[in-house]
Novice: 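Below: one structure in structure tokens.
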Amino acid sequence: MKAIRKQYIIICLMISTLILLALTGCSNSSSNNNTEELKELAKVEIKEFEGKDLSSILDFRENSINGPQNVDISKYLLKIDGLVDKPTSLKYDEVLARTNYTKLVRLNCVEGWSVDILWEGILIEDLLKDVQVQGKANTVIFYAADGYSTSLPLDTILDKEMILAYKMNGIELPPERGYPFQLVAEDKLGYKWIKWITHIELSSDTKYKGYWETRGYDNEADI
Ligand SMILES: Nc1nc2c(c(=O)[nH]1)N[C@H]1C(S)=C(S)[C@@H](COP(=O)(O)O)O[C@H]1N2
Ligand SMILES: [Mo]
């Protein structure tokens with residue numbers, strides 16, 4: 001009888017251990033699921049900001065000169081040079097390490113469509129502080145991975161507190177929208193909103209003309 005009871009107790013212990021193991025296993029896997037769900041949630045597009053409806057990332061028309069670019073972020077460098085005392089090349093994370101700003105700004109394309117997007121990015125002024133812009137610089141020329149370029153007066157960039165966006169509506173810029181960086185050229189027509197930016201050059205050439213500007217579009221590009 002005693003031997004049977006001992007066996008009975010041992011079997012009971014084994015069963016409860018198994019149940020415990022199964023339970024902790026379950027709770028582990030369910031917490032894993034939770035973190036996956038959270039990651040998914042972060043990808044959901046923001047649809048409204050301070051009571052205003054936003055356009056969707058899908059409302060843009062893709063009409064880039066050479067189609068969407070796929071920038072390899074492990075090799076990516078943002079070069080900042082020209083009329084500066086300390087030219088530099090920054091990795092993606094080094095750019096993002098600056099203070100982040102959020103702005104609701106409308107992009108107007110000359111083709112007659114527009115989008116209201118919540119942009120998130122870093123102030124160009126912050127990047128320029130680090131390279132020490134020389135007094136004779138008055139123009140900023142931007143170059144992109146697809147061979148596109150455009151320019152803006154330095155004062156315009158500073159006055160309008162223009163940002164280099166890496167997120168739109170809470171989502172990292174997708175490749176077709178200019179990953180890793182698009183210029184939020186507030187109050188300027190779409191062709192100043194250069195995507196896939198790789199190089200920022202400080203210049204004194206107020207007459208510089210970018211891709212669409214050399215093809216007849218106004219260099220001021222005011223809306
Ligand atoms: N590098 C690059 N940036 C670019 C362009 C381009 O062809 N190449 N097109 C411009 C134009 S004309 C507009 S309207 C805006 C938005 O274009 P999208 O809808 O193709 O993103 O991106 C601008 N930035
Ligand atoms: Mo455009």
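Atoms within a ligand are numbered from 1 in the order they appear, just like the ligands themselves. Nothing here was measured: the structure is a model prediction, and the numbers come from that model.
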Novice: Of the side chain and backbone of R177, name the one, both, or neither that has a heavy atom under 4.0 Å from an atom of ligand 1.
Specialist: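 Just the side chain.
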Novice: Is C109 in polar range of ligand 1, meaning some N or O pair under 3.5 Å apart?
Specialist: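 Checking ligand 1 against C109, no N or O pair falls under 3.5 Å apart.
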Novice: Give the residue and atom name of whichever protein heavy atom lies nearest to atom 3 (N) of ligand 1, and the separation in Å to one decimal.
Specialist: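 Nearest protein contact, heavy atoms only, for atom 3 (N) of ligand 1 is K195 N, 2.9 Å.
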Novice: Evaluate the side-chain proximity of L104 to E50: yes if any heavy-atom separation is below 4.5 Å, no if none is.
Specialist: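 The answer is no; the side chains never approach within 4.5 Å.
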Novice: With K47, which residues qualify under salt bridge (charged side-chain N to carboxylate O under 4.0 Å, His left out), at least two apart?
Specialist: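 With sequence neighbours excluded, K47 shows a salt bridge (charged side-chain N to carboxylate O under 4.0 Å, His left out) to no residue whatsoever.
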Novice: Looking at non-hydrogen atoms alone, which of W193, Y211, F142, W212 comes nearest to atom 23 (C) of ligand 1?
Specialist: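 Among W193, Y211, F142, W212, the closest heavy atom to atom 23 (C) of ligand 1 comes from W193.
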Novice: Are any non-hydrogen side-chain atoms of D81 and L202 less than 4.5 angstrom apart?
Specialist: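 In short, these two side chains do not touch, never coming nearer than 4.5 Å.
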Novice: As an exercise, identify every atom of ligand 1 less than 4.0 angstrom from a heavy atom of W196.
Specialist: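 Close to W196: 1 (N), 2 (C), 8 (N).
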Novice: Among all protein heavy atoms in this structure, tell me which lies nearest to atom 15 (C) of ligand 1, with the distance rounded to 0.1 Å.
Specialist: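 Of every protein heavy atom, G190 O, 3.4 Å lies nearest to atom 15 (C) of ligand 1.
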Novice: Testing the 3.5 Å rule here: is there a donor-acceptor pair between the side chains of D146 and Q69?
Specialist: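 Result is no, nothing qualifies.
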Novice: Please write down residue, atom name and distance for the protein heavy atom closest to atom 19 (O) of ligand 1.
Specialist: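 Checked against all protein heavy atoms, atom 19 (O) of ligand 1 sits closest to R61 O, 2.5 Å.
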Novice: Between Q134 (side chain only) and V84 (backbone N and O only), is there a donor and an acceptor less than 3.5 Å apart?
Specialist: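 Yes, because the side chain of Q134 sits within donor-acceptor range (under 3.5 Å) of the backbone of V84.
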Novice: Should the pair Y76 and F181 be assigned to parallel (<30°), tilted (30 to 60°) or perpendicular (>60°) ring geometry?
Specialist: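 Y76 vs F181 ring planes: tilted.
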Novice: Can you name the ring-ring contact (aromatic ring centres under 6.0 Å, His included) partners of Y211, sequence neighbours left out?
Specialist: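 Counting only residues at least two positions away or on another chain, Y211 forms a ring-ring contact (aromatic ring centres under 6.0 Å, His included) with Y148.
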Novice: Is the distance between the ring centroids of Y191 and W212 less than 6.0 Å?
Specialist: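 No, too far apart.
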Novice: Tell me whether W113 reaches ligand 1 (any heavy atom closer than 4.0 angstrom to a ligand atom).
Specialist: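 For ligand 1, residue contact (heavy atoms, under 4.0 Å) with W113 is present.
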Novice: Based purely on interatomic distance, does E176 place a nitrogen or oxygen under 3.5 Å from a nitrogen or oxygen of ligand 1?
Specialist: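 Min N/O separation from ligand 1 is not below 3.5 Å for E176.
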Novice: Between N63 and ligand 1, find which residue part has any heavy-atom pair under 4.0 Å and reply side chain, backbone, both or neither.
Specialist: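 For N63, the contact with ligand 1 is made by both the backbone and the side chain.
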Novice: Tell me the protein heavy atom at minimum distance from atom 8 (N) of ligand 1, and give that distance in Å.
Specialist: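 The answer is D146 OD2, 2.7 Å.
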Novice: Write out the residue and atom name of the closest protein heavy atom to atom 7 (O) of ligand 1, then the distance separating them to 0.1 Å.
Specialist: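 In this structure, atom 7 (O) of ligand 1 has I65 N, 2.8 Å as its nearest protein heavy atom.
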